[in-house]
Amino acid sequence: MRNRFDQQLDRLNVELITMGALCEQAIATVAKAMLDRDNSLISNAMEVERKIDQMERDIESLCLQLLLRQQPVASDLRTISAAMRMISDMERIGDQAADIAEILNFVGEDSVGSAAHIGDMARATIKMVTDSVESFVQKNLQMAEATIAYDDVVDDLFNKVKSELTEAICQDPNQGERFLDFLMIAKYFERIGDHAVNIAEWVCYSITNVHPKSLKA
């Protein structure tokens, strides 16, 4: 019975890695569409988002099977509970990548001066998503904690983008709406970083039985 349970836990890890990779792909695709001004990639991002949605349903079903059929012990129960919360955040990451793609449809193939910093935000959030999922699979508390701390990098980049776009609006009010669209894109990347933090916090909980937010209460 335990061997069967361990096999299903291994499958859960594989499924989470796959879903995390899809999240990375969604982020990278919309970032490339923006930086290369290639809106032909937008439909690709939408398709990846649909795959993420399906994976959320599949992994949720697997978790429920593990809970109902295998009667996990406390540590396994934390692992499964954390996984169910993680996939919710990963689904939101896919949604926000799709939101970015929709905005890019409106801005067309225009560029903006702060796009480089937005690109840096995309790369930073990809790292956070990758590391948060990997920390779960490896049960690596230090990696999870480092992911949480790395959110400061994304927040600093967002502040730079916000400052640059605010200045750009002041200098060219006629382009204000376009600049605000790019500010919204940056905000979505910042939110993706927040979701990666949520994932890492649930990893901490699965390992220590203490959620980091409870330590701040």
Side-chain angles (χ1 to χ4, degrees), residues 19-53 56 86-133 147-201 213:
M19 190 174 182
L22 286 172
C23 289
E24 296 161 27
Q25 183 182 346
I27 301 166
T29 300
V30 294
K32 183 173 176 60
M34 178 188 67
L35 296 173
D36 294 351
R37 287 175 281 173
D38 184 357
N39 281 14
S40 66
L41 295 172
I42 289 175
S43 61
N44 295 349
M46 295 297 191
E47 177 60 28
V48 174
E49 190 268 339
R50 286 189 286 271
K51 291 180 181 178
I52 291 171
D53 286 347
E56 182 194 24
M86 289 166 59
I87 61 173
S88 177
D89 278 293
M90 283 194 274
E91 190 272 337
R92 290 298 299 136
I93 288 170
D95 285 348
Q96 284 159 357
D99 289 336
I100 292 170
E102 288 181 5
I103 294 174
L104 290 175
N105 265 326
F106 289 107
V107 300
E109 297 185 351
D110 290 334
S111 62
V112 67
S114 59
H117 282 138
I118 302 180
D120 289 339
M121 288 184 74
R123 285 183 283 273
T125 56
I126 289 172
K127 171 180 169 57
M128 291 181 70
V129 172
T130 302
D131 289 352
S132 63
V133 176
T147 301
I148 295 169
Y150 198 77
D151 190 47
D152 289 342
V153 173
V154 176
D155 289 342
D156 287 344
L157 287 168
F158 176 68
N159 288 332
K160 287 180 181 179
V161 172
K162 183 167 61 174
S163 177
E164 290 168 0
L165 289 173
T166 300
E167 182 178 348
I169 291 171
C170 292
Q171 292 178 355
D172 189 359
N174 291 331
Q175 295 295 317
E177 186 173 349
R178 183 168 67 90
F179 292 139
L180 287 174
D181 284 335
F182 279 97
L183 181 58
M184 183 59 69
I185 289 173
K187 185 61 180 176
Y188 279 129
F189 280 124
E190 191 263 344
R191 288 177 182 170
I192 289 172
D194 289 342
H195 285 294
V197 167
N198 290 344
I199 293 169
E201 288 176 341
K213 282 190 171 64

Task: Contact summary for Glu49 and Ala98, nearest pair of heavy atoms - done: CG-CB, 3.8 Å
Open item on the list: Let's go through Phe179 and Asp172 carefully: what are the C-alpha distance in whole Å and the side-chain angles of both, what is the deciding distance for side chain to side chain contact (heavy atoms under 4.5 Å, CB included) to 0.1 Å, and is it a yes or a no?
Closed with: CA-CA 9 Å; Phe179 292 139; Asp172 189 359; 4.3 Å; yes
Open item on the list: Could you work out, with side chain to side chain donor-acceptor pair (under 3.5 Å) as the rule, every residue matching Lys162, not counting sequence neighbours?
Closed with: none
Task: Pairs meeting criterion side-chain hydrogen bond (donor to acceptor under 3.5 Å, both in side chains) with involvement of residues 150-159, two or more places apart - done: none
Task: Leu104 side chain reached by Ile100 side chain, heavy atoms, under 4.5 Å - done: yes
Task: Rounded distance (nearest 0.5 Å) linking atom CG of Leu35 with atom CG of Asp120 - done: 9.0 Å
Task: Ile52 versus Glu91, closest heavy-atom pair with distance - done: CG2-CA, 3.9 Å
Open item on the list: Distance check, rounded to the nearest 0.5 Å: Met128 atom CE versus Cys23 atom SG?
Closed with: 13.0 Å
Open item on the list: How close do Ala101 and Met46 get, counting heavy atoms only, and between which atoms?
Closed with: CB-CE, 3.9 Å
- [ ] Output the distance between atom CG (Leu165) and atom CZ (Phe182), rounded to the nearest 0.5 Å.
- [x] 8.5 Å
- [ ] Starting at CG of Leu180, measure out to CD1 of Ile169 and round the result to the nearest 0.5 Å.
- [x] 4.0 Å
Open item on the list: I'd like to check the side chain to side chain contact (heavy atoms under 4.5 Å, CB included) partners of Ala200; sequence neighbours left out, ordered by chain and number.
Closed with: Ser132, Ala144, Thr147, Ile148
Task: Partners passing side chain to side chain donor-acceptor pair (under 3.5 Å) against Asp99 (at least two apart in sequence or in another chain) - done: none
Task: Test side chain to side chain contact (heavy atoms under 4.5 Å, CB included) applied to Ala28 - qualifying residues, sequence neighbours left out - done: Ile126
Task: Which residues share a side chain to side chain donor-acceptor pair (under 3.5 Å) with Glu47, sequence neighbours left out - done: Arg50
Open item on the list: Would Gln25 and Lys51 count as a side chain to side chain contact (heavy atoms under 4.5 Å, CB included) here? Give the steps.
Closed with: CA-CA 11 Å; Gln25 183 182 346; Lys51 291 180 181 178; 5.8 Å; no
Pair up each side-chain donor or acceptor in residues 183-194 with any protein partner under 3.5 Å, not counting sequence neighbours, and list the distances.
from, atom 1, to, atom 2, distance (Å)
Lys187, NZ, Glu190, OE1, 3.1

Open item on the list: If I take atom OG from residue Ser163 and atom NZ from residue Lys160, how far apart are they, to the nearest 0.5 angstrom?
Closed with: 10.5 Å
Task: side chain to side chain contact (heavy atoms under 4.5 Å, CB included) partners for Leu41, two or more places apart - done: Thr29, Lys32, Ala33, Asp38, Asn44
Open item on the list: Tell me the closest heavy-atom pair linking Asn105 and Asn39, and the distance in Å.
Closed with: CA-ND2, 4.2 Å
- [ ] Flag the pair Arg92 and Asp95 as a salt bridge only when some basic side-chain nitrogen lies within less than 4.0 angstrom of an acidic carboxylate oxygen.
- [x] yes
TODO: Quick one: list whatever passes side chain to side chain donor-acceptor pair (under 3.5 Å) with Glu24, sequence neighbours left out.
DONE: Thr130
TODO: Calculate, to the nearest 0.5 Å, the distance between atoms CZ and CE belonging to Arg123 and Met121 respectively.
DONE: 12.0 Å
Open item on the list: Do Met19 and Glu56 have side chains that approach each other closer than 4.5 Å (heavy atoms only, starting at C-beta)?
Closed with: yes
Open item on the list: A side-chain contact here means heavy atoms from C-beta on lying under 4.5 Å apart; do Lys213 and Asn198 qualify?
Closed with: yes
